[in-house]
Amino acid sequence: MSDRRKFLKFSMLGAAATFVGKNALASPDHDHYYETVRDEPVVVSTWNFGMEANAAAWEILKDGGHALDAVEAGVKVPEGNPDVSTVGLGGTPDRDGRVTLDSCIMDDKHRCGSVMCLEHIVHAVSVARLVMEKTPHIVLVGDGALQFALENGFKKENLLTPASKKAWQKWLQTSKYEPVNNIENKVPHHKKAPMPGSKTNHDTIGMLAMDANGNLSGACTTSGLAYKIHGRVGDSPVIGAGLYVDNEAGAATATGVGEEVIRAVGAHLIVELMRMGYSPERACKKAVERIIRYNPGEAQKIQVGFLAMNKYGEYGGYSLQPGFSYSVRTRDTNRIFHAPSIYKK
Ligand code: ASP
């Protein structure tokens, strides 16, 4: 019997009231927003562009592959797509015109790796995985991360595409720092993402997967806030903030203003809330409320979206402002969900 089945059997014996119908288990508190999956792989990721990323992850999960391989393969899709202006190749640069990537990955055994402020390498997530697997460390930054990547066979590339260079040069005319909430969400996932023009944008892919053995992994990768100060690192590569995985409780990831997610240690907070019995959606909502408490009078200007999956394969998301979406792939489901939000417009 797999560990997961043992776990499920134990939960069902311990809490018969949580069994709600044929293939469904419910968390102690119920939301309308999640579907329940059991003994089946599931992958979820932030934003509409998660649909294509999920498809790549699903190719691995459906054949019994490991969740870690799935999340790496999944987030590599937007990393390699020059039309996605918030991740990897074609990512919006910092104010000096340098594309600096932040990425991390975490598996079911609390192993994790991270790169921060990495330049010239398209697949930052794969470098993060190598940091995890080939070094005694967790985080490599800047030139050290680049040197490590090159020593391990990664190719140095120019990540600043002509389109993002043009948009950056236009931005320089005003240099106005003005994040635009939910910009990825305004683009159908199969269409070319708009370039930012004089507006600043952001949005990260965070992906969480449970494989057929019930093991969880996650990955998170981004070019960070557009036109940031060179050297700025957000929440996305910070273990516990932009991503956290605990195979006994669940996994969570974040998108939005990274400074706020770091302050609340968002992903870890959500995982601990799920351990206490909160459903994924309710745990995400609690974390959003924490951010509001930390920003009295200012929270209406901030967007943060959280996405979580618990050990049962249930998932849910929540955001501060409306417009945060996430993509879900299971054997029966392949769709985008619009997360509920605290503020309604
Ligand atoms: N969280 C990312 C950062 O702060 C950006 C985003 O997801 O929008 O770097």
Side-chain angles (χ1 to χ4, degrees), residues 44-50 53 75 78-79 84-88 90-95 98-104 114-119 124-125 128 139 141-142 159 164 177-187 193-194 196 199-208 218-244 252-270 284 287-288 291 294-295 301-308 317-327 339 341:
V44 299
S45 53
T46 51
W47 305 110
N48 300 4
F49 59 23
V75 304
E79 278 189 341
V84 174
S85 58
T86 55
V87 178
T92 306
D94 63 21
R95 54 187 52 201
R98 296 164 75 163
V99 180
T100 64
L101 304 181
D102 296 337
S103 185
C104 73
S114 164
V115 288
M116 301 179 180
C117 208
L118 172 65
E119 293 181 82
V125 70
V139 185
V141 303
L159 306 184
S164 48
Y177 186 71
E178 189 181 63
V180 175
N181 288 336
N182 308 321
I183 198 157
E184 283 304 335
N185 214 34
K186 297 190 178 90
V187 191
K199 302 272 181 161
T200 309
N201 71 5
H202 54 94
D203 288 344
T204 293
I205 183 152
M207 177 178 277
L208 312 171
C220 190
T221 189
T222 191
S223 51
L225 293 183
Y227 313 132
K228 60 198 174 187
I229 295 173
H230 179 66
R232 179 266 186 190
V233 171
D235 61 310
S236 308
V238 177
I239 300 296
L243 177 74
Y244 197 69
T253 189
T255 181
V257 181
E259 284 72 7
E260 302 306 329
V261 178
I262 292 172
R263 252 193 272 278
V265 201
H268 185 262
L269 171 63
I270 291 165
C284 290
V288 168
I291 288 174
Y294 290 176
N295 291 277
K301 296 183 208 144
I302 302 163
Q303 174 62 315
V304 168
F306 288 116
L307 177 60
Y318 217 94
S319 58
L320 258 164
Q321 317 297 333
F324 171 51
S325 64
Y326 59 93
S327 303
S341 54

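Keep in mind the model is a prediction, meaning the values are calculated, not measured. Order of appearance sets the numbers: ligands from 1, and atoms from 1 within every ligand.
- Proximity of R232 to ligand 1 is established by a heavy-atom distance of less than 4.0 Å.
- Closest heavy-atom approach to atom 6 (C) of ligand 1 among the candidates D235, I205, T204: T204.
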Enumerate donor-acceptor pairs with a distance under 3.5 Å from any side-chain N or O in residues 233-240 to protein atoms, sequence neighbours excluded.
from: S236; atom 1: OG; to: T204; atom 2: OG1; distance (Å): 3.4

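- By the salt bridge (Lys or Arg N to Asp or Glu O under 4.0 Å) test, E260 pairs with R263, sequence neighbours left out.
- By the 4.0 Å N-to-carboxylate-O rule, E259 lies too far from K228 to be salt-bridged with it.
- When only interatomic distances are considered, the shortest N/O to N/O separation between T255 and ligand 1 falls below 3.5 Å.
- Comparing G234, G256, S236 against atom 5 (C) of ligand 1, the shortest heavy-atom distance belongs to G256.
- Looking only at distances, no side-chain donor or acceptor of T253 sits under 3.5 Å from a matching main-chain atom of M207.
- Polar contact check, G224 against ligand 1: no nitrogen or oxygen pair lies under 3.5 Å apart.
- Between the S223 side chain and the T86 main chain, a donor and an acceptor come within less than 3.5 Å of each other.
- Polar contact with ligand 1: absent for A254 (N/O pair, distance under 3.5 Å).
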